[in-house]
There are 2 protein chains.
Amino acid sequence: MFSQSEENYIKAIYHLEVSPNKGISTNAIAEKLETKASSVTDMIKKLSEKELVAYKKYQGVKLTFHGRKVAANIVRKHRLWEVFLVEKLNFSWDEVHDVAEQLEHIQSPKLINQLDALLGFPTHDPHGDPIPDKDGNLNMIDKKLLSTLEINEIGLCVGVEDSSSEFLQYLDKKNIELGKTIKVIEKEEFDNSVIIEINQKRISVSNKIANNLYIKTS
Amino acid sequence: MFSQSEENYIKAIYHLEVSPNKGISTNAIAEKLETKASSVTDMIKKLSEKELVAYKKYQGVKLTFHGRKVAANIVRKHRLWEVFLVEKLNFSWDEVHDVAEQLEHIQSPKLINQLDALLGFPTHDPHGDPIPDKDGNLNMIDKKLLSTLEINEIGLCVGVEDSSSEFLQYLDKKNIELGKTIKVIEKEEFDNSVIIEINQKRISVSNKIANNLYIKTS
DNA sequence: AATAATTTTTAGACAAGTCTAAAAAATGAT
DNA sequence: ATCATTTTTTAGACTTGTCTAAAAATTATT
Ligand SMILES: [Mn+2]
Ligand SMILES: [Mn+2]
Ligand SMILES: [Mn+2]
Ligand SMILES: [Mn+2]
């Protein structure tokens, strides 16, 4: 249907569209895909030709309805594969992304439907990100960054903003896992670090951590 | 490591090398990959450059030791994925090949090792073909085509020569499955069809079937 | 051994995807 | 409003993998 490159571009644009706002800039796409702006312009023209994006010179780019469906399906596959790798093949959450980046391009509706069933129709991937359904709908849960919580607020770890190996391994080392309960004990004005209670212990986490960990307050 | 195209060529040559015999002809590769002879010549030069094949103009091509290892690993991945699709995702044996053709190109040694473990270290794929181990060794079982059996010989269905959907679905319809016992009752000289006993019933199978079904006689 | 048929290679072209360098447009600062 | 900076697009080139048509080499036939 679409080439691997085309799919990667579509997905990048999808992830850059936080709300149905302005067009996405050529540079933003280039940065996300670690490519050059000129290459992005070239590809955008092709995607526009195929009506996956709406594009007017110098005005950035937006996904069409169809483009958004295509993107959601790629994201669906990516996240289902990540769940598979963790649940069935004993990968840890910091190892799955690169492999999923390849697996997301496999074309077989039956494969992905059966995988979904094998995994028990999961709603979120190992990093807490929602898995789009067959129609591309995803149910966002209401979560906030740890850094935005008030003192004494209690919540559940439900996701990460940064999915880099380094960050995930750091969380592992600190025994911070999705599903665990966190309470904010103290917020340090000086460096914006936060003292939290988790695993019946009090630990201090830097602002960088607090800015990349999502909490669901009930 | 290698491109998808390069991998497909290497695998095709591997499959065409029945015994360590003559070099494989350009035309044979072209036919197997449904491409043109000129394209094959081009690619062969690249593979030769990378020392995956030994090539002398007009003399055909042979895998090097290294090339054979690379090929066996691709075949290993292909067959393990086929087992996965059948055992874990409820695919039937006639549906797996095309998806495996894509999955075989995923690069991740951990993925394939864990998959192997999840499946219980299978030795054969759903069509009865042996799965190479990590070093590329495969244990061939001693099997013969049904058409070569004598009257009253008894054996186990262990593989198919032709893996086309059409043939596999035909076997399904006739209730012929790998693992079942077959006895040759009669061989018809006229059209080379064979009357066999399977599932406690006697049925006649055409020469075309008998030439594509492998039997292991104990 | 000479000629005919077949196979293989070469030459030249094309599409996809990428890059660098330069031109054009948009944005920001005085 | 003018000039400077940044962003985006264009122009031209390169790589990979493919193709068609023609040339060269091999193999088969008389
Ligand atoms: Mn991911
Ligand atoms: Mn990808
Ligand atoms: Mn197969
Ligand atoms: Mn393949």
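Atom set for the values below is all heavy atoms of this structure, side chains included, hydrogens, waters and symmetry mates excluded. Just so we're on the same page: letters track the sequence lines, and every chain starts at 1.
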Pick one: which of A/I131, A/V96, A/T123, A/I74 meets side chain to side chain contact (heavy atoms under 4.5 Å, CB included) with A/R79?
-> A/I131

Closest-nucleotide ordering on DNA chain C, the 5'-leading residue of A/E6 and A/S38 = A/E6

Nearest-angstrom distance from the residue atom [atom1] of [X] to [atom2] of [N]:
X	N	atom1	atom2	answer
B/E7	D/dG17	CD	C1'	15 Å
B/K46	D/dT16	NZ	P	7 Å
A/D42	D/dT8	CG	C1'	12 Å
B/I44	D/dT16	CD1	C1'	17 Å
B/M43	D/dT15	CE	C1'	12 Å

For DNA chain C, note the earliest and the latest nucleotide, 5' to 3', having some atom under 4.0 Å of a heavy atom belonging to chain A.
-> C/dA16 to C/dA26

Does D/dG17 have OP1 or OP2 sitting under 4.0 Å from an N or O in the side chain of B/T35?
->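 So the side chain of B/T35 is outside the cut-off, no N or O lying under 4.0 Å from OP1 or OP2 of D/dG17.
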
May I ask you to verify if any side-chain N or O of A/N27 is less than 4.0 angstrom from the OP1 or OP2 atom of D/dT6?
->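 It does not, given that no N or O in the side chain of A/N27 lies less than 4.0 Å from OP1 or OP2 of D/dT6.
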
Could you give me the CA-CA distance, side-chain angles and deciding distance for B/V160 and B/L168, then say whether side-chain contact (heavy atoms from CB on, under 4.5 Å) is met?
-> CA-CA 8 Å; B/V160 291; B/L168 299 177; 4.0 Å; yes

Flag for [Y]-[X]: side-chain donor and acceptor within less than 3.5 Å:
X	Y	answer
B/Q4	B/H105	no
A/S147	A/N211	yes
B/N27	B/S25	no

Applying a 4.0 Å non-hydrogen cut-off, can you work out what [X] is touching in the nucleic acid: base, sugar-phosphate, or nothing?
X	value
A/S39	base
B/T41	base
B/K56	nothing
A/T26	sugar-phosphate

Closest to the side chain of A/S25, out of D/dC19, D/dT8, D/dT18, is D/dT8

Which word best sums up how the rings of A/H127 and A/W93 line up, parallel for under 30°, tilted for 30 to 60°, or perpendicular for over 60°?
-> parallel

Ion pair present between B/E95 and A/K110, side-chain N to carboxylate O less than 4.0 angstrom?
->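 Looking at A/K110 together with B/E95, the answer is yes, because their closest N to O distance falls below 4.0 Å.
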
Indicate yes or no: does B/E150 engage B/K187 in a salt bridge with an N to O separation below 4.0 Å.
->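 Judged by the 4.0 Å cut-off on N to carboxylate O distance, B/E150 and B/K187 do not form a salt bridge.
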
Restricting to nitrogen or oxygen on both sides, can you table the protein-nucleotides 25-28 of chain D pairs closer than 3.5 Å?
from, atom 1, to, atom 2, distance (Å)
D/dA25, O4', B/Y58, OH, 3.2

Ring centroid separation A/F84 to B/F84 under 6.0 Å =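 Distance test on ring centres: under 6.0 Å, yes.
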
